[in-house]
Protein chains: 2
Amino acid sequence: MPGTDTPAAPSAPAHATPAYDKHAYEPFAVTVDLAVFTIRSGTLHILLVERGQEPYAGRWALPGGFLRPDESAEAAARRELAEETGLDDVAGLHLEQLRTYSDPRRDPRMRVVSVAFAALVPDAPQAHGGGDAARAAWIPYGGEDTGAHGPLAFDHDRILADAHERIGGKLEYTCLATAFCPPEFTLGELRHVYEVVWGTELDPANFRRKVLATPGFVAQIPGASRLTGGRGKPAALYRGGGADSLHPPLLRPAPEPAPTEGTRR
Amino acid sequence: MPGTDTPAAPSAPAHATPAYDKHAYEPFAVTVDLAVFTIRSGTLHILLVERGQEPYAGRWALPGGFLRPDESAEAAARRELAEETGLDDVAGLHLEQLRTYSDPRRDPRMRVVSVAFAALVPDAPQAHGGGDAARAAWIPYGGEDTGAHGPLAFDHDRILADAHERIGGKLEYTCLATAFCPPEFTLGELRHVYEVVWGTELDPANFRRKVLATPGFVAQIPGASRLTGGRGKPAALYRGGGADSLHPPLLRPAPEPAPTEGTRR
DNA sequence: CCAAAAGTGTTATGAATACACCCATGG
DNA sequence: CCATGGGTGTATTCATAACACTTTTGG
């Protein structure tokens, strides 16, 4: 392992320079798993595939696959993202490493270490057939309870929850929210991203001010405007502004009462 | 891969239930690498080991090692932490997964996927001999430039920089700083953690108020006080308060002038 | 007495909140 | 004309930053 030559690797000759004995150890499979979020019909959706085989046959699972011998986890994740969503412009999508799940018993078949990623897709393409045999679909995200998708296969409920938490947190101090939006969007749509991911309501006026006061968050498209939802005044259109960090941050409202414990502040 | 049974795994029979063909693929080695920080004589230090063999013989590297067949990356990291630091109470130390580094060419010898961790040690034990053959030592952290430790082996400069950035960020919105401190500490010492990690100076008065106003950040030890650095008034002693999140956050001062670009608000 | 650090107080500035209010559109 | 959402204005509240000042120690 890069780092040290420790006795932790049994029978690995510490002096072997060009290569270790590649088959001296029980092999690890390394995979990527993807939590792909989008907003469809006003709510948060997640891309899932239905498993055809045991274990967990019939359950929903996160899309994913093996690392190929010559690709990094990031490359594998982006490849899977393209395959599973059927999109072409995958290059521009937000894709971010979450963490690695390595419990020895997370897959009953063999030792599988999985690098999990979170991805955001602006406009969900059709449920799609997918490049793979497995059926893929956009499923409403369940949140705390496992919602419409029921318990997922393997440790994917955990991964999904971690991914949601990460995305929600990143909205606070980055301009990530625009990654959920089409190239041109209204401030109402941008606000809706926050509301859907956080599960809260935000004051439209204050949100507007905050976003506009942050240089580089959004840039207005001069003449353009669009009707949203039929009713109401046409809204000005914006593009992402190039910035990626948010100073000062846009903190989500604190989850009011501490459960069974002391006062806050 | 938990998730889908994709054709991404060549020659893996999709119907094989109890086990894949374990040796059908080029094996991946999975390791952990540790960025272990501490504060020694007032500055940030990092635990490094000196490499004895090629590649990168003579260079400093992050401590680390292989995952054993039956342990998770977290377990392996904690085991390595104990081995390399020589500490016993490793159970209570802060250890957090950073991310996974998987570039196909990051180790010239073979395919190595490494799960990196960041750890904090309150009082640095002696430089120690270490359980391993390699020499280990606490080296002053270099920051942007590679400082005293020179370029590290493999991609460890990158890992170390990522770890430092993560730690610095987490100080903002968690109570992590107490993990750098001994069980009993003064507010000046706690402030020093922030200053050393962030590389800035903080107003003692405001820092004090902020910390005390956050419920659960610290708890005063009634009668106790201690002299710090010889000079000055004796300071009250505190313990960690059990909370782990910081609401509202303690933001680090913005790095003053944007390099070549617009005004900041 | 002086330097240094702990600890207290005060003020000014800026941000977030919670509204009230007007505008433009579809029904 | 009314419901709906966009957009503007404003007052209150809260947090922070900046800095003056007192206290307690070692030299």
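For the numbers below, each heavy atom of this structure counts, side chains included, while hydrogens, waters and symmetry mates do not. Protein chains get the first letters and strands the later ones, always in sequence-line order, with residue 1 at the start of each.
Judged by distance alone with a 3.5 Å cut-off, a donor-acceptor contact links the side chain of A:Arg209 to the base of D:dT10. For C:dA16, the base has no donor-acceptor partner in the side chain of A:Asp203 [N/O atoms by modelled type, under 3.5 angstrom].
Residue A:Ala205 is classed as a base contact, given a heavy-atom separation below 4.0 Å to a base. Nucleic acid contact class of A:Arg191 (heavy atoms, under 4.0 Å, all strands): sugar-phosphate only.
We find that OH of B:Tyr194 is positioned 13 Å from P of D:dA17, with the value rounded to whole Å. For B:Asn206 and D:dA20, the CG to P distance is 13 Å, given to the nearest whole Å. Look at CZ on B:Phe207: it is 19 Å from C1' on C:dG9, rounded to the nearest Å. Atom NE2 of B:His192 is separated from atom C1' of C:dA5 by 13 Å (rounded to the nearest Å). The distance from atom CD of B:Glu201 to atom P of C:dA5 is 11 Å, rounded to the nearest whole Å. Between B:Leu251 atom CG and C:dA16 atom C1' there is a gap of 14 Å when expressed in whole angstrom units. Straight-line distance from the CD atom of A:Gln220 to the C1' atom of D:dG7: 11 Å, rounded to whole Å. The interatomic distance linking A:Arg226 (CZ) with C:dG26 (C1') rounds to 17 Å, in whole Å.
In this structure, of D:dA17, C:dT25, C:dG7, it is C:dG7 that holds the atom nearest to the side chain of B:Lys233. Counting only heavy atoms from C-beta on, B:Lys210 has its side chain closest to D:dA15 among D:dT8, D:dA15, C:dG27. Which of C:dA15, C:dA18, D:dG26 sits closest to the side chain of A:Pro248 comes down to C:dA15. Counting only heavy atoms from C-beta on, B:Arg208 has its side chain closest to C:dG7 among C:dG7, D:dA18, C:dT25. Among the nucleotides D:dT24, C:dG26, D:dG7, the one closest to any side-chain atom of A:Leu227 is C:dG26.
Test A:Asp33, A:Leu81, A:Val49, A:Val32 against A:Pro63 for side chain to side chain contact (heavy atoms under 4.5 Å, CB included) and you get one pass: A:Val49.
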Practice prompt. Apply salt bridge (Lys or Arg N to Asp or Glu O under 4.0 Å) to the pair A:Glu96 and A:Lys170, showing each step before the final yes or no.
Written response: CA-CA 11 Å; A:Glu96 131 178 11; A:Lys170 275 218 153 185; 3.5 Å; yes

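An OP1 or OP2 oxygen of D:dT25 is reached within less than 4.0 angstrom by no side-chain nitrogen or oxygen of B:Arg231.
For the pair B:Ala236 and B:Gly232, nearest-nucleotide mapping onto DNA chain C gives the more 5' position to B:Gly232. The residue among B:Glu189 and A:Leu250 whose nearest nucleotide of DNA chain C is located toward the 5' end is B:Glu189.
A salt bridge links A:Arg99 to B:Glu74: one of the charged nitrogens lies within less than 4.0 Å of a carboxylate oxygen. B:Arg158 has a carboxylate O that lies under 4.0 Å from a charged side-chain N of B:Asp162, or vice versa, which qualifies the two as a salt bridge.
Taking the centre and axis of the six-membered ring of B:Phe207, the NZ or CZ atom of B:Arg209 falls outside the cone set by 45° and 6.0 Å.
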